[in-house]
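Only one structure is covered here, and it is reproduced in the block below.
Atoms considered below: every heavy atom in the structure, side chains included; atoms not considered: hydrogens, waters and symmetry mates.
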Amino acid sequence: MSRTVVTFGTFDVFHVGHLRILERARSHGDRLVVGVSTDALNIAKKGRPPVYSQQERMEIVAALRCVDATFYEESLELKGQYLRQYAADVLVMGDDWAGRFDQYGDTCEVVYLPRTPAISTTEVIEKIRD
Ligand code: CTP
């Protein structure tokens with residue numbers, strides 16, 4: 001039986017921390033489906049749009065060897081629905097979210113992976129700005 005892994009993120013200003021979590025997520029199953037958050041969701045959450053548009057962010061994520069399919073994550077509240085829709089066997093999240101998605105444990109296995117230290121989109125933007 002093949003195992004489908006689902007993960008979510010913004011993946012703005014794509015960096016090696018993004019690549020590593022996607023590669024590690026894929027290793028938890030046979031197929032990796034990635035929910036890329038929409039521009040509108042980011043504006044609502046952070047008060048600013050991502051640097052790259054949702055089409056560009058999805059194009060980059062979809063081109064990776066470890067990614068089998070992508071979809072837009074339009075609302076944080078729809079996670080359960082997306083997990084069922086994409087037949088997730090495993091939900092992978094970075095451990096910055098540890099414990100926050102345990103409620104989906106009745107739909108699929110929930111795995112939190114350690115983040116790559118010392119890099120984030122926010123830090124990259126700040127470094128370039130300085
Ligand atoms: N991630 C990671 N290691 C990092 C940065 C991100 O493993 N150093 C993971 C996150 O845990 C998440 C996914 O990559 O599962 C997408 O994260 P995202 O929020 O898009 O990236 P960040 O770099 O954390 O962005 P920001 O600084 O805007 O929060």
Side-chain angles (χ1 to χ4, degrees):
M1 265 287 277
S2 98
R3 267 161 71 89
T4 298
V5 182
V6 173
T7 192
F8 297 88
T10 303
F11 305 103
D12 190 24
V13 189
F14 196 88
H15 59 68
V16 74
H18 293 148
L19 179 63
R20 287 181 188 160
I21 200 154
L22 292 173
E23 286 180 333
R24 283 181 297 153
R26 175 66 173 71
S27 76
H28 284 258
D30 312 291
R31 190 176 129 74
L32 176 61
V33 181
V34 184
V36 176
S37 60
T38 59
D39 294 340
L41 178 53
N42 280 278
I43 291 166
K45 231 170 44 179
K46 295 186 179 170
R48 63 163 178 84
V51 174
Y52 296 154
S53 71
Q54 61 191 43
Q55 288 85 357
E56 292 165 332
R57 291 181 287 112
M58 182 178 272
E59 197 176 326
I60 290 167
V61 170
L64 299 171
R65 196 161 43 205
C66 59
V67 174
D68 297 285
T70 53
F71 64 91
Y72 287 120
E73 180 187 22
E74 308 214 10
S75 161
L76 298 178
E77 280 71 51
L78 291 176
K79 281 224 167 48
Q81 191 179 302
Y82 293 130
L83 292 172
R84 287 187 295 274
Q85 187 176 342
Y86 294 97
D89 297 293
V90 189
L91 166 63
V92 166
M93 296 298 297
D95 63 0
D96 42 331
W97 297 96
R100 305 255 297 275
F101 292 94
D102 291 356
Q103 58 187 298
Y104 301 113
D106 53 0
T107 305
C108 61
E109 188 186 331
V110 181
V111 174
Y112 302 98
L113 297 180
R115 283 170 67 93
T116 299
I119 187 160
S120 74
T121 295
T122 307
E123 278 177 45
V124 172
I125 292 171
E126 280 168 8
K127 207 184 270 181
I128 294 168
R129 190 175 279 157
D130 295 344

Is the backbone of V92 close enough, under 3.5 Å, to the side chain of T7 for a donor and an acceptor to pair up by distance? yes
Rounded to the nearest 0.5 Å, what's the gap from OG on S27 to CG on L113? Could you check? 7.5 Å
Under the side-chain contact (heavy atoms from CB on, under 4.5 Å) criterion, do M93 and R100 qualify, and how do the steps go? CA-CA 9 Å; M93 296 298 297; R100 305 255 297 275; over 6 Å; no
For a side-chain contact (heavy atoms from CB on, under 4.5 Å) check, start with the C-alpha distance between R3 and V90, then their side-chain angles and the critical distance, and finish with the verdict. CA-CA 8 Å; R3 267 161 71 89; V90 189; 3.1 Å; yes
Residues that D39 engages under side-chain contact (heavy atoms from CB on, under 4.5 Å), provided they are two or more places apart: P50, S53, Q54, R57
Name all residues meeting the side chain to side chain donor-acceptor pair (under 3.5 Å) criterion together with T4; count only those two or more places apart in sequence or in a different chain, and write none if there are none. none
Pairs flagged by side-chain hydrogen bond (donor to acceptor under 3.5 Å, both in side chains) wherever residues 114-130 is involved - sequence neighbours left out: D96-R115
Locate the shortest heavy-atom distance separating A88 from C108; write the atom from each residue and the value. O-CB, 3.4 Å
Would you mind listing every ring pair (Phe, Tyr, Trp, His ring centres under 6.0 Å) that reaches into residues 38-85, with sequence neighbours excluded? F8-F71, F71-Y82, F71-Y86
Other cluster members, L41 - Ile/Leu/Val/Met/Phe/Trp/Tyr, side-chain contacts below 4.5 Å: L76
Holding to ring-ring contact (aromatic ring centres under 6.0 Å, His included), I want the full list of residues that pass it with Y104, two or more places apart in sequence or in another chain. none
Among residues at least two apart in sequence or on other chains, which ones pass side chain to side chain donor-acceptor pair (under 3.5 Å) with S37? T10, N42
For D89 and V5, run side-chain contact (heavy atoms from CB on, under 4.5 Å): C-alpha distance rounded to whole Å, both residues' side-chain angles, the deciding distance at 0.1 Å, then the answer. CA-CA 6 Å; D89 297 293; V5 182; over 6 Å; no
Atom CD of E59 with >12 non-hydrogen neighbours under 6.0 angstrom: no
Nearest 0.5 angstrom please: L83 CG to D106 CG, how far? 10.0 Å
Mind running side-chain contact (heavy atoms from CB on, under 4.5 Å) on L22 and C66 for me, showing each step along the way? CA-CA 7 Å; L22 292 173; C66 59; 3.9 Å; yes
Tell me whether R48 at atom CZ has more than 12 heavy atoms from other residues, nucleotides or ligands lying less than 6.0 Å away. yes
Would you mind reporting whether E73 and K79 have side-chain heavy atoms less than 4.5 Å apart? yes
For R26, salt bridge (charged side-chain N to carboxylate O under 4.0 Å, His left out) partners two or more places apart: D68
Using the test side-chain contact (heavy atoms from CB on, under 4.5 Å), find all partners of P49 that sit at least two apart in sequence or belong to another chain. I43
Show every ring pair (Phe, Tyr, Trp, His ring centres under 6.0 Å) that has at least one partner inside residues 10-50, sequence neighbours left out. F11-H18, F14-H18, H15-H18
To the nearest 0.5 angstrom, please state how far the NZ atom of K45 sits from the OG1 atom of T38. 9.0 Å
All side chain to side chain donor-acceptor pair (under 3.5 Å) counterparts of R84, not counting sequence neighbours: none
Please report the interatomic distance CE(M58) to OG1(T70), rounded to the nearest 0.5 Å. 4.0 Å
With Y112, which residues qualify under ring-ring contact (aromatic ring centres under 6.0 Å, His included), at least two apart? none
Rounded at 0.5 Å granularity, tell me how far CG in D12 sits from CD1 in I125. 5.5 Å
